[in-house]
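It should be emphasised that the depicted structure is a prediction, and the values quoted were computed from it without experimental measurement.
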Amino acid sequence: MAVEQVIRIPASATTARPAAWAAMAAALLLSACSTFQPSSTSAPETPAPPPQPLPPPAPVVTPQMQAARDNLKVIASLQERLYRVAAPLLINNADLCKSQARNLLGFTAKNKYSYPGEYVDASTAVLGYDDVLQVSGVLAGSGAAKAGLRKGDDLVAAGGKALPKGRDAESKAAAVFAPLAANSATLSMTIARNGSSQTLNVPVTRACAFRVDLGNSDNVNAYNDGSRVLLTRGMINFAQNDEAIAYVMAKELAHNVLGHASQTRSTATMASIIDNLASVRPDLTMLVGSAGVRPMPADYDVAADNLALYMLARAGYNISNARSFWQRLSGQYPATVLNSYTAIHPNVTARLAAMDRSISEIKAKQAAKRPLLP
């Protein structure tokens, strides 16, 4: 017979402490909640991203590099100014330039290799140049300007031919452009601008085919060698305004048109001076003494002054102040100042008298609306 065990809870236990039992139940419930663990199927934590590599250190700019950058800013600004002054003189006088007139596109282009040594870095830092030829100047009124070519455009192709890059790109590109411009009224050019390519149809412009260079020296002078003219930094600073710069430039252009460098047998001497001073690092010892330049004969100077005044008037420059400019120049830098303009062009009295006659003649033709032909 099974034995039943009966556990008896005294009645006093069930009735004496009801509050204690309630407290125990609440405690057990809280204990269950506090020991609950999340399921093993919950989402894992996202791993931390790998550390990013540090940017490369900035290149060290030496004092020599900084000096080159500062100098190049000045050079580029002055060269652009000369190009601006030259534009109407070259374009509006093509019929006076005789055999020196050519079909031109009307722009210049350079890359970083157009400069030597530390100026390679400077051209990249200051002008944004790299291996590709970049438009450095556009002649106002030229076909390039009319087609919309801009300073800073990269040159990609011309006439369907890819243009060279890297070293010697300037001279190699000139060999591509020259026959295309000579034989076509319009040239197709592919350029890159702001990351995209586009094609421009550039009409050729008949103009005087003379190169205009800046001379990186402080002597107050200008030179011509038959195909180029060069104004020194010193001459530009003396002239001060574009009108006066145009007076000097037109005079040198006129000497080129009249062939005076070859007639005086000074072409080689003048070419050597221009080559040197057009460099960003010229050898200024070459300017010691007279630099081998003989004074210009008086009749040559008078003829060049006359032609220059006509070229200036046809280009829209005011010729009324030309005489006073040349007089001021010869007063401050007389012929006794070696390597000054007056030392090469000493016949001031004859020149000023001839200018008076030429200016009166030109103004009379302008008033009568007659062609401005010397």
Evaluate side-chain hydrogen bond (donor to acceptor under 3.5 Å, both in side chains) for T264 paired with S266, printing each intermediate quantity in order. CA-CA 5 Å; T264 58; S266 60; 2.9 Å; yes
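- Salt-bridge annotation for D213 and R211: present, with a side-chain N of the basic residue lying under 4.0 Å from a carboxylate O of the acidic one.
- In this structure the side chain of L253 reaches within 4.5 angstrom of the side chain of M311, judged on heavy atoms.
- M249 and L230 fall into different hydrophobic clusters, defined by Ile, Leu, Val, Met, Phe, Trp and Tyr side-chain heavy atoms under 4.5 Å apart, directly or through other members.
- Checked against side-chain contact (heavy atoms from CB on, under 4.5 Å), A67 has no partners two or more places apart in sequence or in another chain.
- Side-chain contact between N347 and M296: absent, with no pair of heavy atoms (C-beta onward) separated by less than 4.5 Å.
- The ring-ring contact (aromatic ring centres under 6.0 Å, His included) analysis of residues 276-295, with sequence neighbours excluded, yields no pairs.
- Here E361 contributes atom CD and R357 contributes atom CZ; the two are 10.0 Å apart, rounded to the nearest 0.5 Å.
- For the salt bridge (Lys or Arg N to Asp or Glu O under 4.0 Å) condition, the pairs that include at least one residue of residues 322-333, sequence neighbours left out, are R323-D356.
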Might you work through the side-chain contact (heavy atoms from CB on, under 4.5 Å) test for S272 and M286, ending with a clear yes or no? CA-CA 9 Å; S272 178; M286 287 185 64; 3.4 Å; yes
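- The heavy-atom pair separating A304 from A254 by the smallest distance is O-CB, 3.3 Å.
- Pairs passing the salt bridge (Lys or Arg N to Asp or Glu O under 4.0 Å) check and including a residue from residues 125-149, sequence neighbours excluded, read K112-D131.
- Across A145 and A140, no two heavy atoms sit closer than the pair CB-CA, 4.5 Å.
- Between atom OG1 of residue T190 and atom CG of residue D154 there is a gap of 12.5 Å, rounded to the nearest 0.5 Å.
- L258 approaches Q263 most closely through the heavy-atom pair O-NE2, 2.9 Å.
- Hydrophobic clustering (ILVMFWY, side-chain heavy atoms < 4.5 Å, transitive): I245 and V229 are in one cluster.
- The side-chain heavy atoms of L277 and Y223, taken from C-beta on, include a pair separated by under 4.5 Å.
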Only pairs under 3.5 Å count here: list side-chain donor-acceptor contacts from residues 195-209, not counting sequence neighbours, and write none if there are none.
| residue | atom | partner | partner atom | Å |
| --- | --- | --- | --- | --- |
| S196 | OG | R193 | O | 3.2 |
| T205 | OG1 | G143 | N | 2.6 |
| R206 | NH1 | N103 | OD1 | 3.4 |

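- Between A109 and S136 the shortest heavy-atom distance is N-OG, 3.6 Å.
- Of the inter-residue distances, the one linking L149 atom CG with L139 atom CG reads 11.5 Å to the nearest 0.5 angstrom.
- The distance from the CG atom of N256 to the CE atom of M270 is 10.0 Å, given to the nearest 0.5 Å.
- Here ring-ring contact (aromatic ring centres under 6.0 Å, His included) pairs that include residues 113-133, with residues two or more places apart or in two chains, number zero.
- Applying the side-chain contact (heavy atoms from CB on, under 4.5 Å) rule to S340 yields the partners Y333, V337, T342, A343; only residues at least two apart in sequence or on another chain are considered.
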Set out, in order, the CA-CA distance, both residues' side-chain angles and the distance that settles side-chain contact (heavy atoms from CB on, under 4.5 Å) for W326 and H345, then state yes or no. CA-CA 11 Å; W326 291 114; H345 308 272; over 6 Å; no
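- Of the N and O atoms on the side chains of K365 and Y310, at least one donor lies less than 3.5 Å from an acceptor on the other residue.
- Follow the hydrophobic side-chain contacts under 4.5 Å out from Y83 and you never reach L104; the two are in separate clusters.
- There is a path of hydrophobic side-chain contacts, each under 4.5 Å, that joins V212 to V74.
- With hydrogens and angles disregarded, no donor-acceptor distance shorter than 3.5 Å links the side chain of R351 to the backbone of V302.
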Working note: I359 + L309, criterion side-chain contact (heavy atoms from CB on, under 4.5 Å); need CA distance, chi angles, decisive distance, verdict. CA-CA 7 Å; I359 291 171; L309 288 166; 4.0 Å; yes
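- With sequence neighbours left out, N318 forms a side chain to side chain donor-acceptor pair (under 3.5 Å) with S320.
- Distance alone, capped at 3.5 Å, places no donor-acceptor pair between the T232 side chain and the G215 backbone.
- In terms of heavy atoms, N93 sits closest to A315 at ND2-CB, 4.5 Å.
- For R102 (side chain) and S99 (main-chain N/O), a donor-acceptor pair under 3.5 Å exists by modelled atom type.
- To the nearest 0.5 Å, the span separating CG on N92 from CG on D95 amounts to 9.5 Å.
- Looking at heavy atoms from C-beta onward, S142 lies out of side-chain contact with L105 at the 4.5 angstrom threshold.
- Annotation: side chain to side chain donor-acceptor pair (under 3.5 Å) contacts of E252 (sequence neighbours excluded): N224, Y341.
- In the model, E243 has a side-chain atom that pairs as donor or acceptor with a side-chain atom of N321 under 3.5 Å.
- A donor-acceptor contact shorter than 3.5 Å links the side chain of N241 to the backbone of A244.
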Let me have the donor-acceptor pairs involving side chains of residues 163-183, under 3.5 Å, with sequence neighbours excluded, atom names and distances please.
| residue | atom | partner | partner atom | Å |
| --- | --- | --- | --- | --- |
| E170 | OE2 | S114 | OG | 2.7 |
| S171 | OG | D168 | O | 3.1 |
| N183 | ND2 | P179 | O | 2.9 |

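- Looking at P374 and L96, their side chains come closer than 4.5 Å, going by heavy atoms from C-beta outward.
- Legend: salt bridge (Lys or Arg N to Asp or Glu O under 4.0 Å) pairs involving residues 226-236, not counting sequence neighbours, sorted by first then second residue: D218-R233, D225-R228, R228-D275.
- In this structure a side-chain-to-backbone donor-acceptor pair under 3.5 Å is present from T62 to M65.
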Check the pair Q332, V220 against side-chain contact (heavy atoms from CB on, under 4.5 Å), reporting the backbone distance first and the verdict last. CA-CA 10 Å; Q332 293 189 33; V220 180; over 6 Å; no
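- E80 and K151 get closest at one heavy-atom pair: OE1-NZ, 2.9 Å.
- Both L373 and M355 are assigned to one and the same hydrophobic cluster, defined by single-linkage of ILVMFWY side chains at heavy-atom distances under 4.5 Å.
- Applying the salt bridge (Lys or Arg N to Asp or Glu O under 4.0 Å) test to pairs two or more places apart or on separate chains, those with a residue in residues 276-288 are E118-R281.
- Note: L372 CG to K369 NZ = 11.0 Å, rounded to the nearest 0.5 Å.
- When each of V85, L78, V248 is paired with I236, the side-chain contact (heavy atoms from CB on, under 4.5 Å) condition holds for L78 and for no other.
- Here the side chains of V132 and L155 are not in contact, with every heavy-atom distance at 4.5 Å or above.
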